[in-house]
Amino acid sequence: MRGANQSSVSEFLLLGLSRQPQQQQLLFMLFLSMYLATVLGNLLILLAISMDSRLHTPMYFFLSNLSFVDVCFSSTTVPKTLANHILGSETISFSGCLTQMYFVFMFVDMDNFLLAVMAYDRFVAVCHPLHYLTKMTPQLCALLVSGSWVIANLDVLLHTLLMARLSFCADNAIPHFFCDATPLLKLSCSDIYLNEMMILIEAGLIMIAPFVCILVSYILITCAVWRVPSTKGRWKAFSTCGSHLAVVFLFYGTIIFLYFNPLFSHSAETDIAAAVMFTVVTPMLNPFIYSLRNKDIRGALGKVVAMKFFLLNNEMG
């Protein structure tokens, strides 16, 4: 059995979040609610930014990209989990498993890069306000986002190809709700040393560099805000930075716990809990933390709602 080659495994079984029927029902409703909140919140932000010309600025350009990525990120894992529960199916094909892993990690990388770009944007706005428009040009903003997409795809393509070369044993049950790298590596009969080294070295750099950029940006922002004479202004700025950093630490903390620890130190329960935090909870929190608390976004959404009611009343009249 241990000598079985990759072709002997044509599909995997995603065992999901729990094997207890009562827990499954509760988790299904919880996942469905969080997914709907994620999609609705992020789509409202995209709608508001696209329809209000005053929001066509670098900050909101990055926010709209983050909202788009978060919708895609959640949609890569949650609908499959919900569908498996409804259909009573646990199977996913070998190619489908690798495809899901590819998109999960691509959107993880994009979230990672966009959080760093947004932190840099806020640093320029707070610390160099007079040069903001000359520094954050439309060309630079487009370059930062397009460059992020290119690097994310190249990074994930490397890990997917390394995973595709592995052989898998007869045991094809993945104790997870999506095709994650850690449980897949545990199922492999091949030598996974290269995969683990690439996760630690190459993926580590991909994650650590933006994380350091975020921390440095917020430290410099904090120093600049500390010089603001208004106590109310300082408190508001610290509150905003604090909520942003809370999401950042939640996102990076769970990823570091999952992918930068030895395989033998992992358990299915802790891995699933950590994965839920960065694949489901963080995309749900991002629109509330970064956008819906923003008075400009709320004002734009109010105008969108008012316009819809006006059009609806005209049609009914």
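We use all heavy atoms of the structure for the numbers below, so side chains are in, but hydrogens, waters and symmetry mates are not. Residue numbers run from 1 in the order of the sequence given.
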Under 3.5 Å: donor-acceptor pair, side chain of H176, backbone of G16: no
H85/F31 under ring-ring contact (aromatic ring centres under 6.0 Å, His included): CA gap, chis, key distance, verdict: CA-CA 11 Å; H85 177 80; F31 260 49; over 10 Å; no
Backbone N/O of E11 and side chain of S93: donor-acceptor pair under 3.5 Å: no
Flag if over 12 foreign heavy atoms under 6.0 Å of CZ, F68: no
Non-hydrogen side-chain atoms of V39 and D70 separated by less than 4.5 Å: no
Ring geometry between F107 and F73 (parallel below 30°, tilted from 30 to 60°, perpendicular above 60°): tilted
Among D155, V69, V156, side chain to side chain contact (heavy atoms under 4.5 Å, CB included) partner for M106: V156
Residues F94, F168; criterion ring-ring contact (aromatic ring centres under 6.0 Å, His included); working and verdict: CA-CA 10 Å; F94 183 86; F168 290 88; 5.8 Å; yes
Side chain proximity check, Y218 to L245, heavy atoms < 4.5 angstrom: yes
Residue pair F113 / L144, side-chain heavy-atom distance below 4.5 Å: no
Any donor-acceptor pair under 3.5 Å from D109 side chain to D111 backbone: no
Residue pair D52 / Y60, side-chain donor-acceptor N/O under 3.5 Å: no
Any Q139 side-chain heavy atom under 4.5 Å of L143 side chain: no
Side chains of V248 and F211 in contact at under 4.5 Å (non-hydrogen atoms): yes
Heavy-atom side-chain contact between I92 and C179 under 4.5 Å: yes
Among Y102, F105, F103, side chain to side chain contact (heavy atoms under 4.5 Å, CB included) partner for T76: F103
Heavy-atom check, side chain of V78 versus side chain of M34, under 4.5 Å: no
Any side-chain heavy-atom pair of M59 and M118 under 4.5 Å: no
